[in-house]
*Asks:* 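Below is a structure I'd like to ask you about.
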Number of protein chains: 2
Amino acid sequence: MSQPSAPAPARRYHHGNLKQALLDAADAILREDGIQGLKLRAIAKRAGVSHTAADPHFGDLSGLLSELAAVGFERLSEAMAQPLPADVPAHANPSGQRIAHGYIGFALANPQLFVLMFRRDVLDRSRPRLQAATATAFQALSSAAGALDGAPNTGPLALPVAGSLIGAWGLVHGIAMLAITDHLSPLLDRVAPSPSPGRWVDAALSAM
Amino acid sequence: MSQPSAPAPARRYHHGNLKQALLDAADAILREDGIQGLKLRAIAKRAGVSHTAADPHFGDLSGLLSELAAVGFERLSEAMAQPLPADVPAHANPSGQRIAHGYIGFALANPQLFVLMFRRDVLDRSRPRLQAATATAFQALSSAAGALDGAPNTGPLALPVAGSLIGAWGLVHGIAMLAITDHLSPLLDRVAPSPSPGRWVDAALSAM
DNA sequence: CCTCCTTCTTTCTAATGGAAAGATAACAGG
DNA sequence: CCTGTTATCTTTCCATTAGAAAGAAGGAGG
């Protein structure tokens, strides 16, 4: 009775799925404790392994965090494909509006992960998965934002077209970052009645 | 001959101006090595004191970094009062345009400091100097951006007005952050001839 | 001159990332 | 089945870090 036919998922010397387990542990810690909690020892402990067990899979801490950031960009791409929140009326350019709300909504729902995704100092951007996930997300964003200008996904770009892409991306990115770093509450607290995130985000977007 | 009448500025037990000297040292290290280099020991060594000498002046490392961030916000306020770069033609709302270029120009000229100013995790936002400097900078920014809407500096705010303030601030902040984290070069490299920062920033701003 | 209090140094501790070496298991070929 | 090879994981060790604690140095006011 001590030899289960289904292998016990824990306790084995070779974990079998440690890479994913470490990513899951890091994801959970990121939600609970923020980036501060993403220590090699804490992640490994949560996955039930020693603090150097991540070495063969990720190289070093920045490798692990980069893969986690890649997961974030993959989720961001999905979020930008979601429909608008219910309390936001659609207006002109509904595609761009949907992408913008998806971008900012993802950031507000996953603030720590979003910050990590842009923490250049702790990431190793040469990681293939991170490069791919980043490219995919920004492709989705700029194809929607640039549809108005007929901007191609590659090749030469006229300055005004590049400008409109940068402006659109900067707008949603800046709103997200300012909200996450808690720089907007002094402004939003002066608005009565207190608007839902979807509503004030839409107010900011449609003002531009 | 070993007792100079003019006190040697270094070597004294009581430094006399250690607080400013530590800020200067931290500022220099930030420029040279980035935020990574802002270790208590490195800063203290550069100022010629032991690694705990900052304690009486700043409490802990976050106290020191917060004062440095406050210096950053003070400089940002000055930058937003500067005239437009020479290669940028003025158009409608020149006041807002000037503020925007000042904001982004400051970020591009002091990327490490700008990132530090918004690194919520390493700052102690209860520091009076940081609170004051932040408030001043954002007052300057929003008074110019809100002039069009006649937004008061305090008191209740209608949602569309708050939205336009958030949109304007988010736009410049996002452009600055994306540029600093090196997410715009894939786009800008597709523009020929390579535009100066002032030109592409203006292209992004006037697209919105 | 004497005492108090701030400033700064020395010393110590706990925590961290990572290097190095070794143990363990999976897997291949004979 | 048996043995050598390789990737995975553990143990141990080290340098570096922030900060606490205690004490020395020196200025300020009585």
Side-chain angles (χ1 to χ4, degrees), chain A residues 3-4 6-26 29-30 33-69 116 119 121-124 127, chain B residues 2-26 29-30 33-69 116 119 121-124 127:
Chain A
Q3 58 273 40
R11 294 291 164 189
R12 292 202 316 251
Y13 189 98
H14 282 79
H15 186 287
N17 202 17
L18 183 56
K19 187 168 183 174
Q20 187 58 45
L22 286 168
L23 284 178
D24 292 344
I29 289 175
L30 182 61
D33 304 336
I35 296 185
Q36 309 276 11
L38 286 180
K39 317 285 190 185
L40 211 39
R41 281 168 153 87
I43 300 168
K45 183 174 184 180
R46 184 159 188 140
V49 293
S50 70
H51 83 280
T52 54
D55 258 48
H57 300 286
F58 298 101
D60 60 359
L61 179 60
S62 74
L64 201 165
L65 300 187
S66 301
E67 298 263 336
L68 184 56
L116 175 67
R119 276 288 297 276
D121 53 335
V122 297
L123 298 182
D124 174 4
R127 288 248 150 193
Chain B
S2 57
Q3 59 275 37
S5 56
R11 297 288 165 192
R12 292 202 313 252
Y13 189 96
H14 282 81
H15 186 287
N17 200 18
L18 183 55
K19 187 167 184 175
Q20 186 60 44
L22 286 169
L23 283 177
D24 292 343
I29 289 175
L30 182 61
D33 303 336
I35 297 184
Q36 309 276 9
L38 286 180
K39 317 284 189 186
L40 211 39
R41 281 167 155 84
I43 299 168
K45 184 174 183 180
R46 184 159 189 140
V49 293
S50 70
H51 82 280
T52 54
D55 259 47
H57 300 286
F58 298 101
D60 60 0
L61 179 60
S62 75
L64 202 164
L65 299 187
S66 301
E67 298 264 336
L68 183 56
L116 174 67
R119 276 288 297 276
D121 53 336
V122 296
L123 299 182
D124 175 5
R127 289 246 149 196

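Values below: every heavy atom of this structure, side chains too, minus hydrogens, waters and symmetry copies. Convention: sequence-line order gives letters A, B, ...; per-chain numbering from 1.
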*Asks:* I'd like to know if the side chain of B:S66 and the backbone of B:D124 have a donor-acceptor N/O pair within less than 3.5 Å.
*Replies:*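 Between the backbone of B:D124 and the side chain of B:S66 there is a qualifying donor-acceptor contact (under 3.5 Å).
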*Asks:* How long is the line joining CG of A:D60 and C1' of C:dA19, in whole Å?
*Replies:*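 To the nearest whole Å, that distance equals 12 Å.
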*Asks:* Rounded to the nearest angstrom, tell me the gap between atom NZ in A:K39 and atom P in D:dT16.
*Replies:*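 To the nearest whole Å, that distance equals 18 Å.
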*Asks:* Indicate, yes or no, whether a donor-acceptor pair under 3.5 Å links the base of C:dA15 to the side chain of A:R41.
*Replies:* no
*Asks:* Between D:dA20, D:dT10, C:dG17, which nucleotide has the shortest distance from any of its atoms to the side chain of A:L61?
*Replies:*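 Nearest listed nucleotide: C:dG17.
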*Asks:* Can you tell me how far P of D:dT17 sits from CG of A:L40, to the nearest Å?
*Replies:*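 The distance from CG of A:L40 to P of D:dT17 comes to 18 Å, rounded to the nearest Å.
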*Asks:* Starting at atom CG of A:L64, determine the distance to atom P of D:dC9, rounded to an integer number of angstrom.
*Replies:*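 After rounding, the gap between these two atoms is 13 Å.
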*Asks:* Going from CG on A:L68 to CD1 on A:I43, what distance comes out if it is rounded to the nearest 0.5 angstrom?
*Replies:*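 So the gap between those two atoms works out to 8.0 Å.
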*Asks:* Counting the atoms with a prime plus P, OP1 and OP2 as sugar-phosphate, which does B:H57 contact under 4.0 Å by heavy atoms, base, sugar-phosphate, or nothing?
*Replies:* sugar-phosphate
*Asks:* Rounded to whole Å, please give me the gap between CG in A:N17 and P in D:dC9.
*Replies:* 10 Å
*Asks:* Main chain of A:S62, side chain of A:R127: is a donor-acceptor contact present, judged purely on distance under 3.5 Å?
*Replies:* no
*Asks:* Apply the side chain to side chain contact (heavy atoms under 4.5 Å, CB included) test between B:L40 and each candidate in B:D60, B:L61, B:L65, B:T52; give the one that qualifies.
*Replies:* B:L61
*Asks:* Between P on D:dA18 and CZ on B:F58, what's the gap in Å once rounded to a whole number?
*Replies:* 15 Å
